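Note sheet for the following structure.
Nothing here was measured: the structure is a model prediction, and the numbers come from that model.
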Amino acid sequence: MGISLDRVLGLHENAVKLRSQRTEILAANIANADTPGYKARDFDFKQALASAQSASQGSIRLQVTQPGHFATAGGRASFEMMYSTPMQPSIDGNTVDLHKEKAKFTQNAMEQQVSLTFLDKKLKGLVKVIRGE
């Protein structure tokens with residue numbers, strides 16, 4: 001009986017990847033807080049995680065050789081990037097609310113740490129099973 005790492009790691013594998021991407025986006029927003037005309041961006045994490053989960057569950061692709069064959073929905077997760085709407089627009093067109101972006105960055109970092117902790121515990125559990133402890 002084999003062990004499927006996808007089943008063992010669960011959604012935390014996808015969550016860590018998406019949190020990492022979101023960290024880069026939020027860091028870019030913070031870095032460009034003073035750039036005239038910069039538009040802050042973000043994505044809906046829950047929607048992106050649901051998309052990643054459905055993509056990973058349907059990751060087996062069937063080969064389509066005839067026009068009547070159905071294509072599978074497996075493949076990469078996708079998410080839509082959105083622009084942030086500021087509470088108080090800036091004169092130079094910049095839409096970064098620095099306090100809001102820093103709060104989102106901190107929350108995202110904390111949630112990424114939680115996912116990493118879950119992954120660490122699951123992997124340590126696997127090591128114990130393999131060693132027979």
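Taking CE from Met82 and CG from Asp44, the interatomic distance works out to 5.0 Å, rounded to the nearest 0.5 Å.
Both Leu18 and Met81 are part of a single hydrophobic cluster, where members link through side-chain heavy atoms under 4.5 Å apart. Note on Phe45 and Tyr83: separate hydrophobic clusters, where clusters join Ile, Leu, Val, Met, Phe, Trp and Tyr whose side-chain heavy atoms are under 4.5 Å apart, directly or indirectly.
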Under 3.5 Å, side-chain donor or acceptor atoms of residues 121-131 against the rest of the protein: list the pairs with distances, not counting sequence neighbours.
| from | atom 1 | to | atom 2 | distance (Å) |
| --- | --- | --- | --- | --- |
| Lys122 | NZ | Val8 | O | 3.1 |
| Lys124 | NZ | Asp120 | OD2 | 3.2 |

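For Phe118, the CZ atom is loosely surrounded, since the number of other residues' heavy atoms within 6.0 Å does not exceed 12. For CD of Glu80, the number of neighbouring non-hydrogen atoms (other residues, nucleotides, ligands) closer than 6.0 Å is 12 at most. Residue Met87 qualifies as open at atom CE: its count of foreign heavy atoms under 6.0 Å is 12 or below.
With a 4.5 Å cut-off on side-chain heavy atoms, Arg22 and Lys104 count as touching. Residues Ile30 and Lys102 have side chains in contact (heavy-atom distance under 4.5 Å, counting atoms from C-beta outward). Contact check for Ser84 versus Glu101: side-chain heavy atoms found under the 4.5 Å cut-off. Side-chain atoms of Thr95 and Thr85, non-hydrogen and from C-beta on, never get closer than 4.5 Å to each other. When side chains are defined from C-beta on, Asp92 does not count as touching Tyr38, because their heavy atoms never get closer than 4.5 Å.
Considering every non-hydrogen atom in both Asn29 and Ala40, the closest pair reads OD1-CA, 3.5 Å. Among all heavy-atom pairs drawn from Arg41 and Ile25, the shortest one is O-CG2, 3.2 Å. Nearest heavy-atom pair, Ser115 versus Val16, reported as atom, atom and distance to 0.1 Å: CB-CG2, 3.6 Å. Closest non-hydrogen pair, Ala33 versus Leu98, comes out as CB-CD1, 3.8 Å.
Considering Glu111, Gln113, His12, Met110 as possible partners of Arg19, the one that fulfils the side chain to side chain contact (heavy atoms under 4.5 Å, CB included) test is Glu111.
With hydrogens and angles ignored, the 3.5 Å screen pairs no side-chain donor or acceptor of Asp34 with any backbone N or O of Asn94.
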